[in-house]
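See structure below.
Below, chain A is the first sequence line, B the second, and so on; all start at residue 1.
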2 protein chains.
Amino acid sequence: VGETPQLDRYFAQRVQRMTVSEIRALFTVASRPEIISLAGGMPAVEALPLAEIADLTSRVIRDHGAKALQYGSGQGDPRLRELICDVMAAEGITGSPENIVVTFGSQQALQLLALTCLDPGDVVLTEGPSYVGALGVFAAAQAEVTHVAIDADGVIPAALREALDQAAVAGRRVKFFYTVPNFQNPTGVTLSEPRRDALLELADEYDFIILEDNPYGLLGFDGGPLRAIRARDSDRVVYFGSFSKTFAAGVRTGWALAPAPLCEKLILANEASVLSHSLLNQMVVTAYLEYHPWQEQLRQFQSLYRTRRDATLSALEKAAVSGLTWTRPGGGFYVWATLPEGLDSKHLMTAALAEKVAYVPGVGFYADGMGQRELRLSYCYATPERIQEGIQRLSGVITRARNNDVSSSLSAIL
Amino acid sequence: VGETPQLDRYFAQRVQRMTVSEIRALFTVASRPEIISLAGGMPAVEALPLAEIADLTSRVIRDHGAKALQYGSGQGDPRLRELICDVMAAEGITGSPENIVVTFGSQQALQLLALTCLDPGDVVLTEGPSYVGALGVFAAAQAEVTHVAIDADGVIPAALREALDQAAVAGRRVKFFYTVPNFQNPTGVTLSEPRRDALLELADEYDFIILEDNPYGLLGFDGGPLRAIRARDSDRVVYFGSFSKTFAAGVRTGWALAPAPLCEKLILANEASVLSHSLLNQMVVTAYLEYHPWQEQLRQFQSLYRTRRDATLSALEKAAVSGLTWTRPGGGFYVWATLPEGLDSKHLMTAALAEKVAYVPGVGFYADGMGQRELRLSYCYATPERIQEGIQRLSGVITRARNNDVSSSLSAIL
């Protein structure tokens, strides 16, 4: 055994941006059973008919095991890609199986896109706040993220134009606008139909690509889904879909629908990254879509999450904390709250955890350190009773904090 | 619908290195059922007891579905990481579950390592020839690969020292030596025990890290496995393992064992890439290791592949093609052959496919265009009868080519 090398000398430059976040430490505490967690975005998989899924998985292996347990292709199983087109049709998309690449969750699709398209220093615009997993992918690609203001109808076109003009003046190349158009993570806000059109017009005018990340689109509570941006048939849109929320996160199956030249590169990047997605998982999803009434299951999920959204909103209204505001999502998993002026959501976590309730502080959803007064409340995972109890506790914490009655030391509890 | 963007303007610089290879086109032809394929490295999963695997998978979902179908952690399931330590112990490794990250096959572990450690222009040394999937990862990371000569005992230490000296003279930083020490892909050659020691001494002397990629180590045909390089307890080794060949490629489960500071970065890179590996797949592997006599199954695989290796070697000996040489692997999946002088293995594929037999031309296993006279024969997938028939056909093709009786137009058949 020789001398021990100093391993940090071997790290790549991009690793400087990858650090263990304080939020990760908070999650460790938040996952203790005594704590009511409104923090994580974990879907309510306990609502799935486990015995049926066990049976159809068993049949996949028993009847087609020599295929399911073998390597697959870099693009994904043809039958699943056909079924994905059926799923996307619900949001008005006419996609071809040829233009789909099946991935380990849409997170991996996003990473393949970054590998394929982002050079260090490229600019990515996105909503402010935005999905933390996407920000991580862009940071690892050494891209620069600029946030664009949103309101209750999603990203504000005038603000987007301003950001595009500023980038042009600075001589920076904007390659992408990244958006979660439906029931956004973390705000729950949905991009309105007119703004979807406006977004595409801006993409043509300023020559950028829209990354449409849509894990929640089929989990709306009021009527049918909006038409996807991609439904407008523009090659300026790369669409990302996922079965993590509409079926099961554990099958880690998502996809990208991309124009042919880009799809070909995504397939190559997929082969270089993981060779192929698991055929077992793909065939389980295929069997679920073919033999299980998945649209009925979707309605059950919608109903379950609607009940939990209602519990969240009614608890917030009942508590009526002075100065606290929040969004009213029409679907998905999340409510976004803004604290009374003078309060900091990261500092407040100490007191919240002491009262055995957890949320995600807002700063994690910004690449630029903003979001101190904001926080995300997830209603996807806890029962309505636990949600109401949790929000009651949190309301007490906020009220006491306004009266300057809270410890500011986060480290005390970690 | 606006104008169609020219998508190649959005590609990152690293994508210039990712192109559809001629070899990929060959694989499409080689996968036709009428062709005897000695090309792919697909394990013989049909030898697995499918009904038993179906049952244990069904139990995982029925009894633990709320966990198996949910998101997991970026590091991987703790119980599986314990069992992985038991598997590695067979090759003398004392690893801690804390230092393991579970990945979508060892291919993804290798990609995470590249993301974490490789800057453009870094030098990676590797055997010549080397595993095509690793070369793809290094190319995508814009690293420079330099091949080091091997013989029947693996990489030649004097040649490695020469390559290290040359890099030093050129002022280039060598970060890694990448090796498949056991039954190497593509040559089937195994690194001898004394050379494993010599390799570590060179790593200390020249200050580089050894990437020990070991998917085939437990698939030896003659006695127990050699001690892994990592068994020498050096922090200069990152070890990559996989269940793709010892259990099933379809579960896409591999791992890296890395010193703590690097392991932490690999976990972060994993979270940024895919959030977490599929818990379903991890729990299926766990159930397989806990409830199935996997060591007995390993012996069955060894016996099956030994029979196919023997069929390959005896067919080659029987054909006795003048000027053709080949390796004699002690395990794994592959024989590496060198054609008589003047022949080109890529050109020869036209005639081989016309005779309904396929292999992989050697050039794909080199980053520098070498390997024209070489080719890989896989014996993992075809039955012994098909292997013998395939080699008989191939021998005829080579013999006729030596008599200048072969078309040189590859495009004619594609």
Problem set entry | Toward chain B, the part of A/D207 with a non-hydrogen atom under 4.5 Å | both
For this session: Check whether A/R59 gets within reach of chain B through its side chain, its backbone, both or neither, counting any heavy atom under 4.5 Å.
Result: neither
Seminar exercise, completed: Turns out that what part of A/A114 lies under 4.5 Å from chain B's heavy atoms comes down to backbone
Exercise. Taking every heavy-atom pair that is under 4.5 Å apart, which of B/V284, B/V137, B/L262 has the most such pairs with chain A?
Worked result: B/L262
Exercise. Taking B/A47, B/A203, B/A248 one by one, which has the highest count of heavy-atom pairs under 4.5 Å against chain A?
Worked result: B/A248
Problem set entry | Proximity breakdown for A/I209 and chain B, heavy-atom pairs closer than 4.5 Å | both
Problem set entry | A/S273 versus chain B, the contacting section by heavy-atom distance below 4.5 Å | both
Seminar exercise, completed: Of all heavy-atom pairs linking B/L69 and A/V45, the shortest is O-CG1, 3.4 Å
For this session: Side chain from CB out, backbone as N, CA, C, O: work out which of these in A/Y381 comes under 4.5 Å of a heavy atom of chain B, or both, or neither.
Result: side chain
For this session: Give, as side chain, backbone, both or neither, the part of A/Q111 having an atom under 4.5 angstrom from any heavy atom of chain B.
Result: side chain
Exercise. Side chain, backbone, both or neither: which part of A/T103 has a non-hydrogen atom closer than 4.5 Å to chain B?
Worked result: neither
For this session: With a 4.5 angstrom heavy-atom cut-off, could you sort out which part of B/A51 is near chain A: side chain, backbone, both or neither?
Result: both
Problem set entry | Which atoms of A/L48 approach chain B - backbone, side chain, both or neither, heavy atom under 4.5 Å | side chain
For this session: Describe, in one word, how the ring planes of A/F176 and B/Y10 are oriented to each other, choosing from parallel (under 30°), tilted (30 to 60°) and perpendicular (over 60°).
Result: parallel
